[in-house]
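Below is one structure, written out as structure tokens; the observations come after it.
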Amino acid sequence: MIMRAKKQLNGSADEVETAFYDALSRADLEALMLLWADDEEIVCIHPGAARLIGHAAIRASWEAILAHGSVHIVARKVHVVANMLTAVHSIIEQLEHAVNDRAEVHIVATNVYIKTPLGWRITMHHASGAVGQAPAEHSRSAVLH
């Protein structure tokens, strides 16, 4: 497989996350894969599926998902932990459905980003399905020590 050269992505981990969900909504596999780090130790875990490691396995999984069309997700950020080189986003993914008679389903996801010489990149996407109401937004005022 020929890997296209990755372009510089300036900006933040937040912007990469926005581009990730945008690529899913457009079923754009190439744009989606350009957001991942060059490291072969990248990890992706889809809800109810096995852990995937490396570009080939992750690309194949997204290709199979996007073969059925675009995926429309509204991502609500719940919590962010970041430093100069790493950002961890714990978010709730709300799946948008054309039919409203389905039970409310949301995905609890963790997206991990690293800052590389080419900008911020995804190093891990881990998602788990959940049924019922989505957890409330994180509130720092509830922190007890």
Side-chain angles (χ1 to χ4, degrees), residues 1-97 103-145:
M1 169 181 16
I2 298 173
M3 295 288 291
R4 289 190 331 177
K6 290 191 178 184
K7 66 180 181 176
Q8 175 81 28
L9 290 178
N10 296 315
S12 66
D14 290 338
E15 291 170 326
V16 173
E17 188 160 86
T18 298
F20 174 77
Y21 291 108
D22 179 63
L24 287 175
S25 73
R26 294 181 292 110
D28 188 340
L29 181 62
E30 296 305 320
L32 181 74
M33 293 310 298
L34 286 174
L35 299 169
W36 288 83
D38 286 330
D39 189 346
E40 278 303 317
E41 299 301 316
I42 59 174
V43 175
C44 185
I45 304 171
H46 298 294
R51 179 179 63 178
L52 304 169
I53 299 174
H55 283 272
I58 292 170
R59 181 184 181 85
S61 73
W62 285 116
E63 188 171 27
I65 290 167
L66 296 177
H68 301 288
S70 59
V71 179
H72 297 278
I73 296 173
V74 175
R76 293 192 302 128
K77 195 175 306 165
V78 174
H79 189 69
V80 173
V81 177
N83 62 39
M84 290 175 51
L85 299 175
T86 313
V88 179
H89 294 191
S90 174
I91 62 173
I92 306 301
E93 297 178 345
Q94 296 286 155
L95 300 176
E96 291 185 341
H97 298 292
E104 182 179 346
V105 176
H106 59 276
I107 307 295
V108 179
T110 302
N111 294 325
V112 180
Y113 304 90
I114 58 171
K115 191 166 189 178
T116 73
L118 293 175
W120 288 92
R121 296 288 195 260
I122 303 167
T123 191
M124 176 190 277
H125 173 74
H126 181 182
S128 299
V131 177
Q133 289 187 336
E137 294 291 330
H138 177 71
S139 171
R140 291 187 186 267
S141 63
V143 176
L144 298 176
H145 293 276

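Heavy atoms only: backbone and side chains are in, while hydrogens, waters and symmetry mates are out. Positions are given from 1 along the sequence.
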Rounded at 0.5 Å granularity, tell me how far [atom1] in [X] sits from [atom2] in [Y].
X	Y	atom1	atom2	result
E63	I65	CD	CD1	11.0 Å
H46	R51	NE2	CZ	14.0 Å
I58	M124	CD1	CE	9.5 Å

[X] to [Y] - nearest heavy-atom pair and separation:
X	Y	result
L35	A19	CD1-C, 3.6 Å
R121	L34	NE-O, 3.5 Å
I122	I42	O-CG2, 4.0 Å
G11	W120	O-CD1, 3.3 Å
I107	P47	CD1-CG, 3.9 Å
M84	K115	O-CD, 3.7 Å

F20 and H125 aromatic ring geometry - parallel, tilted or perpendicular at 30°/60° bounds: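 Ring orientation, 0 to 90° scale: tilted.
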Main-chain N/O of I53 paired with E41 side-chain donor or acceptor, under 3.5 Å: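 Not at all, since once roles are kept as given, no pair shorter than 3.5 Å links the two residues.
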T86 backbone acceptor or donor facing N83 side chain under 3.5 Å: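 Pair found, side chain donor or acceptor close to backbone of T86.
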Residue list, side chain to side chain contact (heavy atoms under 4.5 Å, CB included) with A57, at least two apart or on another chain: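 Residues passing side chain to side chain contact (heavy atoms under 4.5 Å, CB included) with A57: L52.
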Set of side chain to side chain contact (heavy atoms under 4.5 Å, CB included) partners for S25, sequence neighbours left out: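 So S25 forms a side chain to side chain contact (heavy atoms under 4.5 Å, CB included) with D22, H72.
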Any non-hydrogen side-chain atom of [X] less than 4.5 Å from a side-chain atom of [Y]?
X	Y	result
T123	V43	no
D38	L118	yes
L24	L66	yes

R26, CZ: over 12 other non-hydrogen atoms inside 6.0 angstrom: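 Yes, CZ of R26 has more than 12 neighbouring heavy atoms, counting only those of other groups under 6.0 Å.
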ring-ring contact (aromatic ring centres under 6.0 Å, His included) partners of Y21, counting only residues at least two apart: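 In terms of ring-ring contact (aromatic ring centres under 6.0 Å, His included), with neighbours along the sequence ignored, Y21 is linked to no residue.
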Residue of the set H89, E17, H126 for which side chain to side chain donor-acceptor pair (under 3.5 Å) holds with N111: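 Of all the options given, the one that passes is E17.
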